[in-house]
Amino acid sequence: MMRWLPLLFVALLGTTLTILVEAAPAPELTIEFDENQIYTEDGKNVVTCNLCATIVEDVVIMLENGTVTDDQIINYIINTCARLNIFSNPDQVCGGMAAIALPTIKYIFSTGVVIPGNICGMLLQGQECGLSDPESLEWTIAPSSNIKPPVNQPSQPPTGSPTIKVLHLADIHYDPEYLSGSNAMCGDPLCCRASSGDVVNATDAAGYWGDYRTCDLPWYLIENAVSQMATRHPDVGYIIWTGDLTPHDVWSTAKDENIMIIDRLMTLVSQYFPNVPVYPTLGNHESHPVNTFAPPEITDPEFNTAWLYDEADRQWARWLPAEVSSTIRYGGFYTALVQPGLRIVSMNMNYCYTLNYWTYFKSQDPASSLLWLSQVLEEAELAGEKVHILSHIPPGNGDCWTIFSREFAKIINRFESTVAAQFYGHTHKDEYKIFYDTVDVNRPVNVAFIAPSLTTYSRLNPGYRTYTVDGQRPDSTWSVLDFNTYIMNLTDANQQGSEVDPVWFELYQAKQEYKLTDLTPQSMDDLFHRMKADDALFQLYYKNYYKNADEAVAESCNNRCKTNMLCRIVITDIADQSKC
Ligand SMILES: *[C@@H]1O[C@H](CO)[C@@H](O)[C@H](O)[C@H]1NC(C)=O
Ligand SMILES: *[C@@H]1O[C@H](CO)[C@@H](O)[C@H](O)[C@H]1NC(C)=O
Ligand SMILES: *[C@@H]1O[C@H](CO)[C@@H](O)[C@H](O)[C@H]1NC(C)=O
């Protein structure tokens, strides 16, 4: 029954709880998973604050003891993993993660800035573990000194108005080592590789086109996907690409490998979509050690993130104007004008990620990116432009630090008439979020569209989205008028085998599927309320959330599952669950 202990333990090592739960099914315990919360069947949260505190205390004692060597710390981690029997290869997985992360952890710890008593309260935010020094974590972004303009009801464009087709790529997670027929049941956070061990049962073998278990994507599936996107959507005006390009082998990552993958995928997309601008952002997996994004004041090249920001700047230069370079190299974010009237702001939301060790060093607006966002929106407002915000991690997600999310939501509220839409990935699921007014708390002010992953990781069909956006015309709202999610049926593709190309198809079209007149915040809020009341409508959302994957469809969504899933829609700050 102590299966959850290593889940938390390894979370502290910097992987995600998602990986852990998928990698370590506990047969005696039906676990329901929602970001940083893990529930038993009867709805009890199984990760306790006390447990977290004990582990943090142990690690701190070892770090403070000058005579404890790195090998001793790594061995302690391996032994703990082994004792808890969570991974098949604790030496490799836990030892590898510890060896990669330890220098960064030690460096951060040596600054003396981290307050150990705050760690569990931040990592397990939402569980009210308590913070030893909450004041040290408090901050706000000074509100814009310009008066907020009156909010006008968004008008729908007249029929026949121009529109833009936007393609959204999310969470590709290309695995260069994917091997069809290899072991998909390896007990590591990532399987389906030559190194995943022997296949003991034919049903354990990795599928040709991908696998529903803890596996990422083979190259040929990605190429097939991108090539059919180019054929099917020749009218794409521009592409947004919300990160996580590299695989879930979090125990064996390397900078040059990540750079190779980024280069290969960006080259692929530019070949299939020549002359189509792409607006990218960095996912938490692009970094090494995974999830680590240092604030710009860290100048030591061994520990800062300059290698990745510089590489992103080089790679993205094929699509972006030259002037974005300085902010990308500073903090991994930028703004660019798509067309007169429409601006994109690409944020580096890894700065709110509670699995980024640097969040414990500095959580107060790292790289001043929120202050910068507020200033960019202020200028856009004065210039009469509309803005699309894109990033990897959705604010309000369980792993995005609450105070960052709260400040972000305040900025959105202030500039609700300028921010026409927001776009994210990270969760791998097909979903959305609504932002509400902070005073008139039931008034929806903005919508975040969260696109499904291309990766199957895990128990998912591959998928992607397109949006139809109000186009260039006088008084364009530049808002999302509709979106479409496309998938392939992986069960079917693998049954057909390697000789038959997978069949991609439209899973649904938002307006039609959910009987929406438009996709305004008001209508998306109305959909949330209709789903609460109408279970059949909610079941559609559930099916689409998992991209119609056979296993998820076969399982039903019980009441707790339903509550959690609906709750995700209306939470933009994990500490505020009042809308659930
Ligand atoms: C440091 O660790 C060593 C070996 O584990 C132990 O013997 C020693 O008492 C520790 N020192 C302190 C100050 O805790
Ligand atoms: C192989 O897997 C199938 C399906 O999971 C199972 O029914 C069967 O018992 C397994 N066979 C062996 C030898 O483990
Ligand atoms: C996917 O394909 C399999 C095999 O053809 C089929 O049994 C299953 O019903 C399909 N799934 C959906 C959701 O259509």
Side-chain angles (χ1 to χ4, degrees), residues 22-27 54-80 88 98 102 105-106 109-110 112 116 180-187 191-192 196-215 217 221 224-225 228 428-430 452-456 458-464 484-509 513 536 538-557:
E22 305 290 2
T54 306
I55 293 170
V56 168
E57 206 173 304
D58 281 355
V59 172
V60 167
I61 286 170
M62 284 190 286
L63 290 173
E64 277 175 345
N65 183 329
T67 69
V68 174
T69 65
D70 287 5
D71 280 348
Q72 283 175 307
I73 298 176
I74 292 168
N75 279 335
Y76 160 87
I77 288 164
I78 292 172
N79 289 342
T80 311
S88 303
L102 195 54
I105 293 172
K106 284 171 66 180
F109 189 76
S110 74
S180 169
S182 64
N183 186 14
M185 297 283 280
C186 70
C191 302
C192 297
S196 299
D198 294 338
V199 177
V200 291
N201 187 336
T203 58
D204 295 349
Y208 178 77
W209 292 105
D211 202 282
Y212 286 116
R213 291 161 285 192
T214 54
C215 303
L217 296 181
L221 185 274
N224 171 273
Q228 77 83 36
H428 296 193
K429 311 299 196 308
D430 189 280
S453 60
L454 196 66
T455 187
T456 53
S458 61
R459 309 198 309 150
L460 299 168
N461 282 321
Y464 67 93
N484 303 45
T485 291
Y486 297 86
I487 63 158
M488 55 167 267
N489 178 340
L490 183 67
T491 311
D492 192 51
N494 282 338
Q495 276 173 13
Q496 301 288 323
S498 61
E499 299 303 311
V500 182
D501 275 353
V503 178
W504 291 84
F505 59 94
E506 181 187 284
L507 177 62
Y508 74 98
Q509 193 165 0
E513 182 87 334
F538 170 76
Q539 293 303 333
L540 267 184
Y541 185 76
Y542 168 77
K543 185 192 79 172
N544 294 333
Y545 181 88
Y546 287 106
K547 291 176 272 178
N548 215 3
D550 288 327
E551 200 179 313
V553 171
E555 276 170 17
S556 62
C557 185

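For this chain, numbers begin at 1 and follow the sequence in order. First listed ligand is number 1; within each ligand, the first listed atom is number 1.
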> The criterion is side-chain hydrogen bond (donor to acceptor under 3.5 Å, both in side chains); which residues satisfy it with T69, sequence neighbours excluded?
Q72
> For the residue pair K547 / S453, report whether a side-chain donor-acceptor contact shorter than 3.5 Å exists.
yes
> Relative to the ring of W504, is the ring of Y464 parallel (under 30°), tilted (30 to 60°) or perpendicular (over 60°)?
tilted
> Does an N or O anywhere in D492 fall below 3.5 Å from an N or O of ligand 3?
yes
> Take atom CG of D198 as the centre, draw a 6.0 Å sphere, and report whether it contains more than 12 heavy atoms from other residues, nucleotides or ligands.
no
> Quick one: look at N489 and ligand 3, take heavy-atom pairs under 4.0 Å, and tell me if it's side chain, backbone, both or neither.
side chain
> Checking side chain to side chain donor-acceptor pair (under 3.5 Å) for the pair Y546/N461: CA distance, chi angles, key distance, verdict?
CA-CA 8 Å; Y546 287 106; N461 282 321; over 6 Å; no
> How about Y541 and D430: does a side-chain donor come under 3.5 Å of a side-chain acceptor?
no
> Which protein residues have a heavy atom under 4.0 Å from ligand 1?
N65, T67, V68
> Scan for salt bridge (Lys or Arg N to Asp or Glu O under 4.0 Å) pairs involving residues 58-76, sequence neighbours excluded, and state none if there are none.
D70-K106
> Relative to the heavy atoms of N548, which atoms of ligand 3 are at a distance of less than 4.0 Å?
13 (C)
> Determine, using heavy atoms of V553 and all atoms of ligand 3, whether some pair is separated by less than 4.0 Å.
no
> Residues in salt bridge (Lys or Arg N to Asp or Glu O under 4.0 Å) with E555, at least two apart?
R459
